[in-house]
Amino acid sequence: MIILDSVTKKFGAFTAVDNVSYTIQKGESFALLGPNGAGKTTIVRMLLDFINPSSGSITINGLPASDPESRKHIGYIAEQHMIPPYLSGFEYLSRHASLIGLSGKDAEKEVDRVLEIVSMKGLERKNSAAYSRGMKQRIAFGAALLGQPMLLILDEPITGLDPIGIRDVRKILENLRGKGVTVILNSHLLSEVEKTCETAAIMYKGKILIKDTINAIMKGHETLEDVFVRYIEHENE
């Protein structure tokens, strides 16, 4: 589904991503981990063609990431997403549905479908200014699910969610994995990554320190948090 080949991204003299190469298979649930400033969000922004690599190439489903067709079946939640306070959840989702070419009854049906999935049915007509942070996060997740994308890119998708909300997101991701949807997850909640992802990469200062299955990374006796801390502390020695 995704191939990064010797990808580097520089901002002036600063190297945010340093010669990164890896492959993510179709249907894989992949976690991109690292401390703040490691380069994770820069990779996401390049996948979505918000910015271009300084060198190297990125391919999504056989197409360059710069090709708009490569993003036709991608759902995305930004870490700092915003819902205009004057819109209801229904209005926000309806606008997103129009962006992927849906209108009329087709749009209403699709919006209704994702509202059920994210447990916001019955609350969608309320002004979003009255929503809690967790409710806004559920609506954002619903927007990412519109059109049944085959690739989901989720940047801290459980921010603001209570334990029930986190469990619901886990169940949604499990269901999507069963349907062959590829998921890229950025999250600092490593205990949740253990439960929802099959593979992971740990980044630090723009480089990949390790990429493998979750079980192989943990070696059967460590938590993912233990491994993460050990790798980062080793780099700082």
What distance separates [X] [atom1] from [Y] [atom2], expressed to the nearest 0.5 Å?
| X | Y | atom1 | atom2 | answer |
| --- | --- | --- | --- | --- |
| Leu189 | Glu225 | CG | CD | 9.5 Å |
| Ile217 | Tyr231 | CD1 | OH | 7.5 Å |
| Asp212 | Lys219 | CG | NZ | 10.0 Å |
| Lys211 | Thr23 | NZ | OG1 | 7.0 Å |
| Ile43 | Asp155 | CD1 | CG | 11.5 Å |
| Leu173 | Phe141 | CG | CZ | 4.5 Å |

Any chain of hydrophobic side-chain contacts (each under 4.5 Å) joining [X] to [Y]?
| X | Y | answer |
| --- | --- | --- |
| Ile214 | Ile210 | yes |
| Met135 | Met82 | no |
| Leu123 | Ile164 | no |
| Leu99 | Leu87 | no |
| Met150 | Ile3 | no |

| query | Which pairs pass side chain to side chain donor-acceptor pair (under 3.5 Å) with one or both residues in residues 8-21, sequence neighbours excluded? | reply | Lys10-Thr15, Asp18-Lys207
| request: Kindly determine whether Glu235 and Lys205 satisfy salt bridge (Lys or Arg N to Asp or Glu O under 4.0 Å), including the steps that lead there. | output: CA-CA 9 Å; Glu235 291 298 311; Lys205 293 185 177 180; over 6 Å; no
| field | salt bridge (Lys or Arg N to Asp or Glu O under 4.0 Å) partners for Glu110, two or more places apart | value | Arg113
| Lys26: what forms a salt bridge (Lys or Arg N to Asp or Glu O under 4.0 Å) with it, not counting sequence neighbours? | none
I need the minimum non-hydrogen distance between [X] and [Y], along with the two atoms involved.
| X | Y | value |
| --- | --- | --- |
| Val7 | Pro53 | CG1-CB, 4.1 Å |
| Met218 | Thr223 | SD-C, 3.9 Å |
| Leu152 | Ala144 | CD2-O, 3.6 Å |
| Pro84 | Ser128 | O-OG, 2.9 Å |
| Ala200 | Leu33 | CB-CD1, 4.2 Å |
| Ile139 | Leu93 | O-CD2, 3.6 Å |

| said: Could you go through Leu145 and Ile172, starting from their C-alpha distance and side-chain angles, then the distance that decides it, and tell me whether this counts as side chain to side chain contact (heavy atoms under 4.5 Å, CB included)? | reply: CA-CA 10 Å; Leu145 294 176; Ile172 291 168; 4.2 Å; yes
Any side-chain heavy atom of [X] within less than 4.5 Å of one from [Y]?
| X | Y | value |
| --- | --- | --- |
| Leu209 | Ile232 | yes |
| Leu63 | Thr59 | no |
| Pro35 | Tyr204 | yes |
| Val181 | Pro149 | no |
| Phe50 | Val44 | no |
| Ile24 | Ile184 | yes |
| Leu32 | Tyr22 | yes |

With a 3.5 Å distance limit and no angle check, can you tell me whether [X] reaches the backbone of [Y] through a side-chain donor-acceptor pair?
| X | Y | value |
| --- | --- | --- |
| Tyr131 | Gly89 | yes |
| Asn127 | Ala130 | no |
| Glu233 | Arg230 | no |
| Ser187 | Ala31 | no |
| Gln137 | Pro157 | yes |
| Glu156 | His188 | yes |
| Glu28 | Thr182 | no |
| Ser88 | Glu91 | yes |

| task | Using the side chain to side chain contact (heavy atoms under 4.5 Å, CB included) rule, take Lys179 and Asn175 through it: C-alpha gap first, then chi angles, then the decisive distance, then the call. | result | CA-CA 7 Å; Lys179 295 180 179 179; Asn175 183 53; 3.6 Å; yes
| message | Working note: Ile202 + Ile208, criterion side chain to side chain contact (heavy atoms under 4.5 Å, CB included); need CA distance, chi angles, decisive distance, verdict. | response | CA-CA 6 Å; Ile202 297 175; Ile208 298 292; over 6 Å; no
| field | Greater than 12 external heavy atoms within 6.0 Å of Glu194's CD | value |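 Correct, the count exceeds 12.
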| task | Would you check if there is a donor-acceptor pair between the side chains of His73 and Asn61 at a distance under 3.5 Å? | result |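 Per modelled atom types, Asn61 and His73 side chains form no pair under 3.5 Å.
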| field | Contact list for residues 45-57, test salt bridge (Lys or Arg N to Asp or Glu O under 4.0 Å), sequence neighbours left out | value |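 Qualifying pairs, neighbours excluded: Asp49-Arg71.
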| Listed once per pair and sorted, the salt bridge (Lys or Arg N to Asp or Glu O under 4.0 Å) pairs that draw on residues 119-143, sequence neighbours left out | Asp112-Lys121, Lys121-Glu124, Arg138-Asp168
| request: Output all residues satisfying ring-ring contact (aromatic ring centres under 6.0 Å, His included) with Phe11, sequence neighbours left out; order by chain, then residue number. | output: none
